[in-house]
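The structure appears below as structure tokens.
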Amino acid sequence: MSKELTITPLNEWGYNFNTPLLMTGPCSVESEEQVKETARLLSQYQFDILRGGIWKPRTRPNTFEGIGSVGLKWLKEAGTALQKPVATEVANVKHVYEALRMGIDILWIGARTTVNPFAVQEICDALQGVDIPVLVKNPINPDLELWIGAFERLNRSGITKLAAIHRGFSTHEKSKYRNIPRWNIPIELKRRYPNLPIICDPSHICGNRELLREVAQTALDIGFDGIHLESHLNPDKALSDAKQQLTPDAYGELVASLLTRESLEENPYAENQLEILRSKIDHLDSYLLELLSERMDVVREIAEYKRENNLAIVQPSRWTEILESRLSTGLRKQLTEKFVKELFHAVHKESIHHQTEVMLNGENSKIMDETNK
Ligand code: PEP
Ligand code: MN
């Protein structure tokens with residue numbers, strides 16, 4: 001099922017990207033002054049790609065749906081002034097042609113477009129033979145295959161400068177996030193396509209400014225390749241996503257506070273240390289299995305005894321007592337209640353399995369003895 005993707009690494013895209021890659025700029029390009037002044041203020045801080053939305057996918061009409069094609073020129077000029085590549089969202093063929101015509105350097109496919117294979121395919125057809133990087137935001141629903149499908153379609157159009165943007169997933173669950181991260185999904189994407197760069201977009205995950213740092217740091221701790229943060233000259237007055245955008249200064253401060261983790265290849269000392277710790281884990285795991293197997297031996301002895309004395313396997317009061325005492329010990333040892341419960345339920349299930357086996361074997365050998373008489 002898992003087809004290979006052909007990916008050009010970030011350091012071969014023709015730009016001098018930092019590690020991790022940093023992408024910032026306004027949610028929407030609103031005016032020439034707004035995008036150019038935001039970019040100018042951002043230039044004091046580290047970043048690699050200037051973003052700006054030109055056509056905005058909004059929930060309701062009669063809200064600001066983007067400045068439209070006129071903004072492409074302002075965005076491009078803002079980037080050129082700083083010698084930075086610029087990126088915008090494309091959702092249909094017209095957007096692709098306009099963006100290419102105005103020299104936009106990098107395109108991205110938005111979350112509401114990734115969900116629709118017809119729309120993605122149309123974009124891919126329009127891009128056939130064009131050597132431009134394309135970033136693909138995860139679909140709004142947590143469907144990894146749909147996300148992967150977009151990369152496969154782009155690859156089939158000859159596009160290999162690809163990266164994923166993780167912007168969280170829509171949910172009805174009560175959540176502190178605007179779009180819940182479901183970290184397991186980008187992690188699984190990375191496991192299946194280790195060469196595909198993943199950029200985290202804390203802005204659209206959080207929907208507010210307060211949680212941005214925590215989410216960005218988590219992404220770096222996991223080993224994401226980049227961070228995307230929306231920034232605006234005057235966030236509170238922004239025409240879209242006002243609550244989540246940062247002033248350029250706040251962006252600079254946030255980025256400076258992030259701790260970057262070295263990859264193992266860059267740090268052989270860490271790799272050695274990690275080897276030591278991993279062998280400790282291996283040792284502890286085999287000890288754990290040894291102990292569990294020893295425990296089952298005792299369980300079997302108990303079963304023999306119960307069989308000989310005609311006692312039932314499950315003695316509910318004993319089981320309640322085990323669970324309570326293990327829970328209180330586990331909690332004292334910093335283990336969570338859920339984990340200890342699940343662990344002992346699994347151990348109990350395995351014990352019952354061994355005990356029934358002993359009982360049954362006993363019955364069978366009794367029957368055998370009877371028939372052999
Ligand atoms: C955006 O980046 O401004 C945007 C609309 O994002 P998403 O597609 O992730 O909602
Ligand atoms: Mn936005």
Side-chain angles (χ1 to χ4, degrees), residues 1-23 46-49 51 85 87 89-90 105-111 113-114 117 120-121 123-124 127-139 142-169 181-202 205 215-229 258 260-268 270-271 274-275 278:
M1 204 12 216
S2 161
K3 279 213 331 241
E4 283 302 305
L5 289 174
T6 309
I7 315 274
T8 304
L10 286 174
N11 59 10
E12 291 172 24
W13 286 18
Y15 306 106
N16 229 345
F17 287 153
N18 290 289
T19 311
L21 177 142
L22 296 171
M23 177 165 169
Q46 210 178 45
F47 76 97
D48 300 287
I49 301 172
R51 67 151 279 152
E89 173 175 348
V90 290
D105 306 283
I106 297 170
L107 306 177
W108 85 76
I109 295 180
T113 306
T114 312
V120 173
Q121 191 55 53
I123 293 170
C124 292
L127 286 173
Q128 184 79 43
V130 183
D131 181 23
I132 190 166
V134 181
L135 318 176
V136 183
K137 290 199 155 195
N138 64 257
D143 185 340
L144 178 58
E145 301 306 318
L146 208 46
W147 201 2
I148 292 171
F151 293 109
E152 288 174 340
R153 288 175 197 280
L154 285 157
N155 242 192
R156 288 203 317 195
S157 281
I159 295 180
T160 61
K161 290 174 183 157
L162 293 168
I165 301 183
H166 167 233
R167 50 78 78 198
F169 301 87
R182 297 193 193 278
W183 294 102
N184 58 312
I185 292 179
I187 289 171
E188 175 61 9
L189 181 67
K190 194 77 178 164
R191 189 189 67 78
R192 282 167 62 178
Y193 302 97
N195 300 330
L196 178 67
I198 308 191
I199 298 165
C200 182
D201 171 358
I205 289 176
V215 169
Q217 188 60 60
T218 302
L220 294 183
D221 292 348
I222 292 174
F224 276 53
D225 305 274
I227 300 291
H228 161 289
L229 289 163
L258 293 174
T260 55
R261 312 285 178 200
E262 286 178 87
S263 83
L264 290 180
E265 298 90 73
E266 291 161 16
N267 190 339
E271 187 160 30
L274 214 54
E275 266 322 302
R278 280 179 179 153

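Scanning both residues, V90 and I123, for their nearest heavy atoms gives O-CD1, 3.6 Å. Heavy atoms only, all atoms of each residue included: L258 and A216 are closest at CD2-CB, 3.9 Å. Nearest approach of P186 to P181, heavy atoms of both residues: CD-O, 4.4 Å. Between A111 and R167, the shortest heavy-atom distance links the atoms CB-NE, 3.3 Å. Of all non-hydrogen atoms in V136 and W147, the two that sit nearest each other are O-NE1, 3.1 Å. The shortest heavy-atom contact between Q121 and R156 is OE1-NH2, 3.9 Å.
The closest donor-acceptor contact from the side chain of T114 to the backbone of N138 lies at 3.5 Å or more, if one exists at all.
Atom CG of residue L189 and atom CG of residue N184 lie 11.5 Å apart, to the nearest 0.5 angstrom. We find the NZ-CG distance between K161 and D105 to be 10.5 Å, quoted to the nearest 0.5 Å. Of the inter-residue distances, the one linking I165 atom CD1 with H228 atom NE2 reads 5.5 Å to the nearest 0.5 angstrom. Residue K137 holds its NZ atom at 10.0 Å from CD1 of I199, rounded to the nearest 0.5 Å. Rounding to the nearest 0.5 angstrom, the gap separating the CG atom in L21 from the CG atom in D225 is 8.5 Å. The structure places CD1 of I7 at 5.0 Å from CG of L162, a figure rounded to the nearest 0.5 Å.
Of the listed residues (I222, D201, I205, V215), just one forms a side-chain contact (heavy atoms from CB on, under 4.5 Å) with H166, and that residue is I205. Among D131, T8, N155, the one residue that satisfies the side-chain hydrogen bond (donor to acceptor under 3.5 Å, both in side chains) test with T160 is T8.
Ring-plane geometry between F17 and W13 is classed as perpendicular, the angle between the planes exceeding 60 degrees on a 0 to 90 degree scale with a lower cut at 30.
At a threshold of 4.5 Å between non-hydrogen side-chain atoms, the residues P202 and L229 count as touching. A heavy-atom distance below 4.5 Å is found between the side chains of Q217 and L220. You'll find the side chain of V130 stays beyond 4.5 Å of the side chain of S157, heavy atoms only. A 4.5 Å side-chain heavy-atom check between Y193 and I148 finds at least one atom pair inside the cut-off.
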Start with the C-alpha gap between L5 and E152, add the side-chain angles, then the distance that decides, and say whether side chain to side chain contact (heavy atoms under 4.5 Å, CB included) holds. CA-CA 7 Å; L5 289 174; E152 288 174 340; 3.8 Å; yes
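Ion pairing between E145 and R192 holds under the 4.0 Å rule for side-chain N and carboxylate O.
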